[in-house]
Amino acid sequence: MARTILTLEEIASAIRVDPDYPQQELQLLADAATSFIKQKTGRDWTSDEKIHALAKMCASLYAKQIHYGADGYNKEHDYTLGINGLIEDLKDIARGR
């Protein structure tokens with residue numbers, strides 16, 4: 001299985017689910033967050049030995065937005081501004097590498 005920005009444990013913690021939450025659902029969120037960030041920044045953040053903290057933070061927000069927004073818009077879980085800001089920061093970091 002390909003490496004993701006967040007581990008399944010980190011995803012589970014981010015979305016605050018019980019330990020028996022389906023692993024395949026956690027994997028889907030981890031894969032989606034990793035793919036989204038790679039597509040938006042043009043960089044594979046999983047290729048670093050230690051994944052950048054901002055990439056982890058962005059992946060966490062993205063997973064929360066997907067998980068909590070699955071049934072429609074939920075303003076209490078709208079992380080769009082944070083995600084967009086982190087994507088711009090990550091693009092700047094990627095350009096510098």
Side-chain angles (χ1 to χ4, degrees):
M1 198 169 291
R3 186 174 181 208
T4 55
I5 291 174
L6 293 177
T7 65
L8 298 189
E9 293 79 19
E10 289 169 325
I11 290 283
S13 177
I15 63 172
R16 299 177 183 182
V17 293
D18 292 329
D20 63 346
Y21 192 80
Q23 294 290 297
Q24 66 270 20
E25 294 296 322
L26 297 174
Q27 188 65 56
L28 284 172
L29 285 172
D31 291 342
T34 299
S35 176
F36 171 79
I37 294 168
K38 182 179 180 181
Q39 190 270 328
K40 291 292 186 181
T41 65
R43 184 171 195 288
D44 180 3
W45 296 91
T46 65
S47 65
D48 297 337
E49 184 177 332
K50 183 174 185 211
I51 297 173
H52 199 287
L54 291 180
K56 285 189 168 279
M57 188 178 297
C58 188
S60 177
L61 290 179
Y62 187 77
K64 288 177 188 180
Q65 180 133 327
I66 296 297
H67 178 75
Y68 292 115
D71 295 328
Y73 179 73
N74 181 340
K75 71 178 181 177
E76 281 129 23
H77 295 287
D78 184 359
Y79 302 103
T80 304
L81 288 176
I83 292 168
N84 287 338
L86 288 168
I87 289 294
E88 291 305 313
D89 290 342
L90 289 168
K91 283 180 183 178
D92 289 341
I93 293 167
R95 280 190 286 273
R97 290 191 175 181

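Scope of the values below: all heavy atoms of this structure, side chains included, with no hydrogens, waters or symmetry mates. Keep in mind that this is a model prediction, so the values were computed, not measured. In this chain, numbering begins with 1 at the start of the sequence shown.
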- Phe36 side chain reached by Ile66 side chain, heavy atoms, under 4.5 Å: no
- So, Asp44 side chain and Thr46 main chain: donor-acceptor pair closer than 3.5 Å or not? yes
- Task: Measure the OG1-CD1 distance between Thr80 and Ile87 for me, rounded to the nearest 0.5 Å.
- Result: 11.5 Å
- Query: Which residue pairs pass the side-chain hydrogen bond (donor to acceptor under 3.5 Å, both in side chains) test with at least one member in residues 28-40, sequence neighbours excluded?
  - Reply: Gln27-Asp31
- Output all residues satisfying side-chain hydrogen bond (donor to acceptor under 3.5 Å, both in side chains) with Ser60, sequence neighbours left out; order by chain, then residue number. none
- Derivation and outcome, side-chain contact (heavy atoms from CB on, under 4.5 Å), residues Leu29 and His67: CA-CA 8 Å; Leu29 285 172; His67 178 75; 4.3 Å; yes
- Task: Under the salt bridge (Lys or Arg N to Asp or Glu O under 4.0 Å) rule, collect the residues that match up with Lys64, sequence neighbours excluded.
- Result: none
- Got Thr7 and Glu9 here, is their nearest side-chain heavy-atom distance under 4.5 Å? yes
- Query: Are Tyr62 and Tyr21 connected in the hydrophobic side-chain network, where two residues link if heavy atoms are under 4.5 Å apart?
  - Reply: yes
- Task: Using atom types as modelled and distance alone, determine if a side-chain donor or acceptor of Lys56 lies under 3.5 Å from a backbone N or O of Leu6.
- Result: no
- Within one Ile-Leu-Val-Met-Phe-Trp-Tyr cluster: Leu61 and Val17, side-chain cutoff 4.5 Å: yes
- Item | Stepwise side-chain contact (heavy atoms from CB on, under 4.5 Å) check, Arg16 with Tyr68 | CA-CA 11 Å; Arg16 299 177 183 182; Tyr68 292 115; 4.1 Å; yes
- Item | salt bridge (Lys or Arg N to Asp or Glu O under 4.0 Å) partners for Glu25, two or more places apart | none
- Query: side-chain hydrogen bond (donor to acceptor under 3.5 Å, both in side chains) with Gln23: which residues, sequence neighbours excluded?
  - Reply: none
- Step by step, would you call Ile15 with Leu26 a side-chain contact (heavy atoms from CB on, under 4.5 Å)? CA-CA 9 Å; Ile15 63 172; Leu26 297 174; 4.0 Å; yes
- Which residues pass the side-chain hydrogen bond (donor to acceptor under 3.5 Å, both in side chains) test with Ser47, sequence neighbours left out? none
- Go through His52 and Leu54 one step at a time and tell me if the side-chain contact (heavy atoms from CB on, under 4.5 Å) criterion holds. CA-CA 5 Å; His52 199 287; Leu54 291 180; 3.5 Å; yes
